[in-house]
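To keep things clear, I will list the structure first and then write my remarks on it.
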Amino acid sequence: MREATADRAHSASYTYLICVAAWAFPGVGHLLLGRMQKGLTFLITLPLMFAFGLWLEGRLFPINRFDQPLVVLAGLADLGIGVPFFVARALQLGAGRVVALTYEYGNAFLIVAGLMNMLVVLDAFDVAQGRK
Amino acid sequence: MTHASHAGLMIMFALFVSIVFATLMRDDPKEQLFFGGQLFVAFVVGGIALGWILYFFPL
């Protein structure tokens, strides 16, 4: 069942504001649009998955290694989670320990959390546009 | 991370992805629960099946 508050289209500037908020803090875009249940689910699940990836000793890839395109793509995917990425970097987490048993699992958790947050941003955009 | 098992991590990954996809793709909480359950089972069973298939084709 849809919440009624987001059934109308919003102005372009508000839509982009929603998208930025949705990227920066997973789930906040949906919360601002009145979709509380979805917003809370994303707000809990995505940062938890990201934190799990850090705990598993995954690596936050750099986005300025242009000699290694796949590393840049992984870095962009990591960046998709928004503010938690910068918080982790500030706390010097996500260095990645290649010899750890869980290193690749950690990378998978970090990358997929970022990619899924990008999907959440697109969903918030559709809702703000009145398409959903 | 000394106590992590491959199966446990795969199940945890499937759980996170199922929750997010089900929440994205369904609006009604009951439908989310049902669809999320289906996704979760598909991920876990698919992962185990793929693991057994690869067992017979060692690199």
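Hydrogens, waters and symmetry mates play no part in the numbers below; they use all other heavy atoms, side chains included.
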message: Please tell me whether A:Val112 and A:Trp55 are part of a single hydrophobic cluster in this structure, the criterion being side-chain heavy atoms less than 4.5 Å apart.
response: yes

field: Nearest-0.5 Å distance, CD1 of residue B:Ile19 to CE of residue A:Met116
entry: 9.0 Å

field: B:Phe40 atom CZ: more than 12 heavy-atom contacts under 6.0 Å
entry: yes

- request: Take the angle between the ring planes of B:His6 and A:Tyr105 and call it parallel below 30°, perpendicular above 60°, tilted in between.
  value: tilted

query: Around A:Phe125, counting heavy atoms of other residues, nucleotides and ligands shown, do more than 12 lie under 6.0 Å from its CZ?
result: yes

- line: One should read off an interatomic distance between A:Lys38 NZ and B:Asp27 CG, to the nearest 0.5 angstrom, of 4.0 Å

- prompt: Linking I/L/V/M/F/W/Y whenever their side-chain heavy atoms sit closer than 4.5 Å, directly or via other members, would A:Met36 and A:Ile44 fall into one cluster?
  reply: no

message: As an exercise, state the distance from CG of B:Leu24 to NE2 of A:His30, rounded to the nearest 0.5 Å.
response: 6.5 Å

message: Please say yes or no: joined through hydrophobic side-chain contacts below 4.5 Å, possibly via intermediate residues, are B:Val20 and A:Leu115 part of one cluster?
response: no

query: Given that the side chain runs from C-beta out, which part of A:Leu46 has a heavy atom under 4.5 Å from chain B: side chain, backbone, both or neither?
result: side chain

statement: When every non-hydrogen atom of A:Phe52 is compared with those of B:Leu9, the smallest separation belongs to CE2-CD2, 4.1 Å

field: Residue, of A:Thr45, A:Leu119, A:Val120, that accumulates the most heavy atom pairs under 4.5 Å with chain B
entry: A:Thr45

message: Using a 6.0 Å cut-off, check whether atom CZ of B:Phe34 has over 12 heavy atoms from anything other than its own residue.
response: no

- line: If one checks every heavy atom of B:Gln32 against chain A at 4.5 Å, the contacting part turns out to be side chain

